[in-house]
Peer 1: 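Sharing a structure with you now.
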Amino acid sequence: MQNKLPSGGEDAPSLSRPEPAPGDIRSQLDRIIASPEFPRVGRSAAFLTYVTEEALAGRAERIKGYTIAVEVFKRSEAFKQDDPVVRIEAGRLRRVLERYYLIAGQHDPVRIDIPKGGYAPSFVWNETADDAVAHDVDTHIPRRSSFGLRRLMPLSFGVGVTLGVGVVAIGLFAHLLPGRPKVSAFQEGPTLIVAPFADLGDGPQSELYSVGLTEELLTVLPRFKEVHVFGRETSRSLPPGVPASQVRGKLGARFLLAGGVRVSGNRVRVTARLVETETDKILWSATYDDDTHIRDLFSIQSDVANKVATAVAQPYGIMAQADAVNPPPDDVGVYTCTLGFYAYRARLTVDQHANVRNCLEHAVERYPSFSTAWAMLSIIYLDEERFRFNTRSGTPAAVERSLSAARRAVQLDAGNTRALQALMTALFFNQQVAEALKVGEQALETNPNDTELLGEFGTRVAQSGQWERGAALLDRAIELNPAAGGYYHGMRGFAAYMLHDKRTALIEISRADLQKFPLYHAVAAVIYVDADMMDDARREARRFNEMRPDFIPNIVAELKSRNFQPADRARLIADIRKAGLPAVDEVEASMVLPRKGPPVSVP
């Protein structure tokens, strides 16, 4: 029988059963915290207890990031909102509660949630509990307790990613679990805390340098938007040499960056290490030596901080590699998509493209304010057009969807390097080259250590005719990320071909190894022609034509869409012909009449 509502509208309580009482809610709180499914890391228990008791005391409106930082995390009253410690812990707590109610708490009488958009809890009778269910008339939506927020955010559930060597398998459940609300599992990426670097030397210079280096790291690391870095106050609250287990237990950070500084005379030595807090395993370590006779302390600490940040936090860095091999156990959502995106970028295969596009489209549907997901989706959409990967018919066209998604990403976060990279690339393929390169310069200034950006920007600069500068940017990307994906090496080989550097071209194309990426074979073909390796050139040309039979009949339009200069187009077309493919030049193309089959573009 359906519940009847008295006059007063939707906010009136159900007649069939009153809302959970304080005693019911406190019993449920104790049940959750005592459960083995409630992890003993971070401040989740203290966080949940605090917000629950505040709500029960009628102070839900007082539950803010600042009050939680002071009361739960014992921060001083000088706590600043740019420290994300509360936001990180709230995200973790939401995922913990979602997991709990999927497993141990399926039949618990009361649900406690922390709806996104705030930190005040909500309380409701559990819809799947055996003893009680409260419904609205017709809609069958559980009633909110007056102690919490009046709106229960919809939840969604997904499954994660398994990455091997060059292989990624991504899946998201779009369906609902029977009888359950959706469960969201928005994972914002790796969580990192920087411990104050230890002063290991004598005198004030060493102390000054250790403090300065820590500050510099806390400035450059947050530029990598896929990484969530605890703020300065959280860092300062830790002693140098803090045990990884303490960081894991009190803050829940997955990674700890620590190290020390030794100054002796003119010599400066910095040691740095990245530790996985759950296992106490050192994932990476490095030593940097310098001389204050050659460079000042400020330049040294800035250089070291940039090198450390690039090594551990870049898209293909140490933390990303660790998450790819062993994804976080509580990640079943959006962070999965970012891991899949970078795995796809490393190999550029059509099957990975489809999986990542599906994943990202679900992500932005559920989290429309997630700038990085929009940026990645922009690049994925563009690949439909430029690579002919999983093309869709109808309007808007792929290039238009790409530009729209990129603009959305930048509007959401103007300082997001990935968003600026996406906008640059979309503008470039919309033939707005000057504007594209301007955005690329802005992105480079935002984060000069982001190798994904360096590789993409170097490619765009090179294709616009600035081959030397493009090659230099690509060299920088490879220097910062020696284990980079084949895309960097393939494009660097192409730049060397255009610069008539046969030796470098052959070396780099051999490192690319993008056998499933059609354009790799076209680049290899012209490089081998230039090196007079004609058998290899013909083999690669045949392979390319098999994979992209539409390209050669439209070669002029394809090269123009990539903004190659006329002289560069002429050289490429000539070498494609030498490799055995019937490419027409621009004059011939303009004289070809329309015909059935793949269209021939007229300039």
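Numbers here are sequence positions counted from 1.
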Peer 1: Under a 3.5 Å threshold, yes or no: a donor from one side chain and an acceptor from the other, between Y344 and N355?
Peer 2: no
Peer 1: For the residue pair Q442 and A414, what are the closest heavy atoms and their distance?
Peer 2: NE2-O, 4.3 Å
Peer 1: Taking the side chain as everything from C-beta on, heavy atoms only, tell me whether Q314 gets closer than 4.5 Å to E452.
Peer 2: no
Peer 1: Identify the two heavy atoms, one from P109 and one from R31, that lie closest to each other, and give their separation to 0.1 Å.
Peer 2: CD-NH1, 3.8 Å
Peer 1: Do T372 and N416 have side-chain atoms, one donor and one acceptor, less than 3.5 Å apart?
Peer 2: yes
Peer 1: Can you check whether I63's main-chain N or O pairs, donor with acceptor, with T67's side chain at less than 3.5 Å?
Peer 2: no
Peer 1: Taking all heavy atoms of L274 and all of I318, pick out the closest pair and write down the distance.
Peer 2: CD2-CG2, 3.7 Å
Peer 1: Using the test side-chain contact (heavy atoms from CB on, under 4.5 Å), find all partners of V220 that sit at least two apart in sequence or belong to another chain.
Peer 2: E216, R223, A305, N306, A309
Peer 1: Which pair of heavy atoms, one from F230 and one from L218, lies closest together, and at what distance?
Peer 2: O-CD2, 3.7 Å
Peer 1: Apply salt bridge (Lys or Arg N to Asp or Glu O under 4.0 Å) to K64 and E71, showing your working.
Peer 2: CA-CA 11 Å; K64 306 293 183 184; E71 299 293 337; over 6 Å; no
Peer 1: Mark yes or no for whether N126, through its side chain, and D108, through its backbone, hold a donor-acceptor pair below 3.5 Å.
Peer 2: yes
Peer 1: How long is the span from the CD atom in E456 to the CG atom in L420, to the nearest 0.5 Å?
Peer 2: 13.0 Å
Peer 1: List the steps, then state whether salt bridge (Lys or Arg N to Asp or Glu O under 4.0 Å) holds for R418 with D450.
Peer 2: CA-CA 9 Å; R418 203 65 59 239; D450 189 307; 2.8 Å; yes
Peer 1: Kindly write out the residues that satisfy side chain to side chain donor-acceptor pair (under 3.5 Å) with S378, not counting sequence neighbours, or none if the list is empty.
Peer 2: S402
Peer 1: Considering non-hydrogen atoms only, spot the tightest contact between V439 and M424 and give its length.
Peer 2: CG1-N, 3.9 Å
Peer 1: Specify the closest pair of heavy atoms between V275 and A244, including all atoms of both residues, with the distance to one decimal.
Peer 2: CG1-CB, 3.8 Å
Peer 1: Going from CD1 on I193 to OG1 on T277, what distance comes out if it is rounded to the nearest 0.5 angstrom?
Peer 2: 10.0 Å
